[in-house]
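Notes follow once the structure below has been shown.
All figures in this text were calculated on a predicted structure; none of them were measured in a lab. Both counts, for ligands and for their atoms, begin at 1 and track the order of listing. When reading the values below, keep in mind they use all heavy atoms of this one structure, side chains included, and skip hydrogens, waters and symmetry mates.
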Amino acid sequence: MQDSALPEDSSRKFSLEKTLKLTKLRLLLMHFESKVGHIGGNLSCLDMLVVLYHRIITKDDQFILSKGHSAGALYATLWSLGRIEEQELSHFHRDNTRLSAHPPPTGIDDILFATGSLGHGLSLAAGLAMSKKLLNQSGRVYCLMSDGEWNEGSCWEALIFAKQQQLDNLTVLIDLNGLQGFGTTQEVADLSPLEEKFKCFGIDVVEVDGHDLNVLEKTLSKIQRLTFVVARTIKGKGVSFMENRVEWHYLPLSEEQYHRAVREIQSL
Ligand SMILES: [Mg+2]
């Protein structure tokens, strides 16, 4: 693939914008070759993953991808850091691969738990944060969630726990793209405005444009308390025929669609 080869660790060698663009192109190729969907939700959260992994997360921090169906975005981001080999991406979603459609429970150091059965990631993250707190360990825990998974009651239980324990070492990011597998979040089970409901529990909430890399970096780098970052995003961001289209939750790319998507991302 043209112009896709990042150095082994591209952190700070390229701008975030260029890193994101190359990672997005590699993600599209990976999904096209494997004929795997979930591309729309990957493109809504990829900006956050690139900022987190290239600018925010340190060796003392831990990350949980609660919206596990965006595993492709996580693998592509780890590839951009040289933590997953180029050739391994071609095994995405194949038999005997480490790179399953949802994050695997073992085999990749950066992935601590299998996720993707939605609604469990925040409980795992809160547990990790509580452990750090009890053991007086440094570092933060980051949890990336979808908006649709707030339909799950377990998310609210974990929120209550995190607030009660005042887990100031926990940052929760919500990919608020307004869509989920079977419709808009308002059609399926309306919780809007989600940010106001979080505030009712006494949670510190920051609202950001989830595609503004500079704002994401500045916001995330300042957080020192238990904070929910509500990131307004666009499902399928950057590919015109995918943006805000619910069907791109599941659809794989045809060859014509793949080439069109690549042209659009390259022209950004
Ligand atoms: Mg969503």
Side-chain angles (χ1 to χ4, degrees), residues 20 23-24 27-28 31 36-52 63-77 101-103 115-125 142-156 158-159 171-199 203 205-213 215-216 219-220 227-253 261:
L20 174 64
T23 306
K24 201 173 274 194
L27 183 153
L28 289 172
H31 279 260
V36 172
H38 286 145
I39 302 165
N42 281 349
L43 293 177
S44 67
C45 71
L46 187 64
D47 306 45
M48 284 186 271
L49 282 166
V50 166
V51 171
L52 275 171
F63 174 77
I64 301 289
L65 182 67
S66 189
K67 50 172 294 186
H69 54 287
S70 289
L74 178 58
Y75 300 150
T77 302
H102 291 72
T115 52
S117 182
L118 294 172
H120 301 295
L122 184 54
S123 296
L124 294 165
Y142 294 87
C143 182
L144 176 57
M145 308 181 68
S146 72
D147 46 4
E149 72 176 317
W150 283 91
N151 295 166
E152 303 279 356
S154 53
C155 295
W156 297 97
L159 177 155
T171 300
V172 181
L173 300 98
I174 294 100
D175 179 7
L176 199 87
N177 59 28
L179 289 166
Q180 57 192 99
F182 296 104
T184 67
T185 51
Q186 286 186 309
E187 287 168 340
V188 176
D190 190 5
L191 290 169
S192 62
L194 200 49
E195 55 275 21
E196 295 303 322
K197 293 181 171 64
F198 296 149
K199 290 176 188 172
I203 298 286
V205 176
V206 181
E207 296 173 58
V208 296
D209 175 346
H211 301 300
D212 187 323
L213 301 179
V215 166
L216 283 170
T219 300
L220 291 168
T227 302
F228 280 38
V229 179
V230 176
R232 297 192 182 281
T233 59
I234 295 171
K235 195 161 191 139
K237 172 69 176 174
V239 180
S240 62
F241 59 89
M242 289 187 193
E243 288 194 352
N244 290 319
R245 306 274 314 184
V246 69
E247 61 265 36
W248 286 98
H249 188 93
Y250 290 115
L251 284 179
L253 285 158

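- In this pair, Trp150 and Trp156 present their aromatic rings perpendicular. The plane angle is above 60°, beyond the 30 to 60° band.
- Gly178 lies apart from the Mg ion (ligand 1) in this respect, since none of its N, O or S atoms is found at a distance under 2.8 Å.
- Heavy-atom contacts from other residues, nucleotides or ligands closer than 6.0 Å to CZ of Phe182 number 12 or fewer.
- Of all N, O or S atoms in Asp147, the one lying closest to the Mg ion (ligand 1) is OD1.
- Between the Mg ion (ligand 1) and Asp175 there is no N/O/S contact shorter than 2.8 Å.
- Counting only N and O atoms by type, the side chains of Asn42 and Ser70 include a donor and acceptor under 3.5 Å apart.
- No salt bridge links Asp47 with Lys237; every basic N to acidic carboxylate O contact stays at or beyond 4.0 Å.
- With the Mg ion (ligand 1) as the vertex, O (Leu179) and OD1 (Asn177) define an angle of 80°, rounded to 10°.
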